[in-house]
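Taking it in order: structure first as structure tokens, then the write-up.
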Amino acid sequence: MDDIPLIQRVIAIIWPSFITGGIATVLFTVAFDPAEIFIDYDISRLGIYTICFFLFWILGAITATATVYFLKPGETINR
Amino acid sequence: MVENTSKVKRNANDAKTNAEAERSISAKSKKIYPREVHGLFAALRTAGVASLLGFFYIVPWLQWDGRQALLFDLPERKFYIFNMVFWPQDFIYLTLLLIIAALGLFFITALAGRVWCGYACPQTVWTETFLWIERKIEGSRAQQMKLDKAPNSFRKIRIKFSKHFLWITFSIFTGVTFVGYFSPLRELAINFLTFEIAPSETFWIFFYALATYGNAGWLREQVCLYMCPYARFQSVMFDQDTMTVAFDETRGLPKGPRKKTVDKSDAGLGDCIDCTICVQVCPTGIDIRDGLQYQCIGCAACIDACDDVMDKMGYDRGLIRYTTEKILLGGHTEIMRPRMVVFGLVLLATIAGAFYSIVTRIPVGIDVIRDRNSLYRETNEGLIENVYIIKLLNMDKQDHTYTLTAEGIPDLILKMDVTDISVKSGEVVELPVRVQVDAYNLKQRSNEISFTLNTVGFEKLTATEEARFLGPAFR
């Protein structure tokens, strides 16, 4: 685990979640028109897309962080 | 995998002995200074970079019918591609396009290795541009290395500042162009220069600029090593007949330096003079003489470099060359092999299918949304009534008048407040309608009905959408 460069671990968290965040945003906004969901708020569609994308990205990054965290080999924990 | 770990360990060991690496963003891998290279493949790559960047920066300025020719209008939820307009309902075409792109990539990879990486990948294209700027400012590979080792001085800071200033300016220009694909570029450029840009657009311009600056200026080969999924499954796509950049071991080994006047067979040496120029020019910092590696982006810089050296030594060119594993083992390579035929046929079929479905696309759409507030209600006449919102999309380039019908339950009555349904070109109209039936005709609680839209004067322009009609529960 410690052999994996830091940059590779950082990328493993922010990069796949970026991709899935983008895909999730596209799928979500194709299925639902965000302007209808956020009809009560004064915000442009592009703004909603941006917020959607970041929410999905953060969600993916949390998952990826947990994955990277749990990848640590068991025998190296609490030593 | 074994190769990966040993490479990683080698990187880690390098890092311990190299203080410079500690300052680099990657912490564990050394900064790579690719040496400038000239030759056939370098010229091809320059041509690729110039045409792709030219395409990227010029296309959003093109106009068509008084609008931007290529515009992915996210706020309006419409994609304009020259004379065509795509809607969210046309999502299938985007999927088809991605499948075609993936199949095309598999096909070309099985045939000619990672030519995509070496000549057309945005990462390569922008990195090449950034390297070019870097060379113009900092000088050759040796000068760059010397500058980085030198202590801070006014000169060093001035040079570094100039480089980053140019990089950042170019990145912001790239960011504006990128957002220009989603928001009309002519207005965007003016708004940008007058600081009157919308917050989300500003954000994406700088986000994309940051990504360009980071990926092409700093991360470079690490994008290929750690971020690119394609590199990691190259062995799935390669076979022994795939063209790859390879070092001819039988000809090159044993390697060793020698004077030009020395006869190599007398000295017991192969053609490789171990000058390491192939390593110095490599943008991912590998030694091609170690064989096929996932880090190799197939850019062929080492081929150009080695051919140069071979010329100088008076040896034949092609010690490092595009070749296949079979040829290196003394066999011959078949281009029309089953894998290529299957990939080719599937690719052609998908392209033909996509083309056919786009050409025969019916430019009218209907969407039915049930009123969520009530399941059903009983009218004064004792009929069961459901309420729907019908969304009509006129995706055609001209205005149309439509007629709406519904069927699925005997004696069904369709009621709406408007009689004339006219929709302008490219518009969406929402139409509240009520459907009434006699409870006697309802067989179950949830019944299937369908709405059909016909275009007045255009028989073929028709669309149908299914919906549920809810009634009281029986039994």
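Keep in mind that this is a model prediction, so the values were computed, not measured. Throughout, protein chains are lettered first and strands after them, A, B, ... in sequence-line order, and every chain is numbered starting at 1.
- Atom-to-atom distance recorded for A:Ile7:CD1 and B:Trp218:CH2 is 11.5 Å, nearest 0.5 angstrom.
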Task: ring-ring contact (aromatic ring centres under 6.0 Å, His included) assessment of B:Phe203 paired with A:Phe54 - done: CA-CA 12 Å; B:Phe203 172 80; A:Phe54 274 93; 5.3 Å; yes
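- Listed here is the closest heavy atom pair of B:Met227 and A:Trp15: O-NE1, 2.6 Å.
- Contacts of A:Ile14 with chain B are absent, with no heavy-atom separation under 4.5 Å from either backbone or side chain.
- Taking the side chain as every heavy atom from C-beta outward, A:Phe53 and B:Trp204 approach each other to under 4.5 Å.
- B:Tyr226 contributes no side-chain N or O that, together with a main-chain N or O of A:Ile11, makes up a donor-acceptor pair within less than 3.5 Å.
- B:Ser200 and A:Gly47 make their closest contact through OG-N, 3.9 Å (heavy atoms, listed as atom of the first residue, atom of the second, distance).
- For chain B, the nearby parts of A:Leu46 are the backbone and the side chain; heavy atoms of each come within less than 4.5 Å.
- Contact annotation for B:Phe182: neither backbone nor side-chain heavy atoms come within less than 4.5 Å of a heavy atom of chain A.
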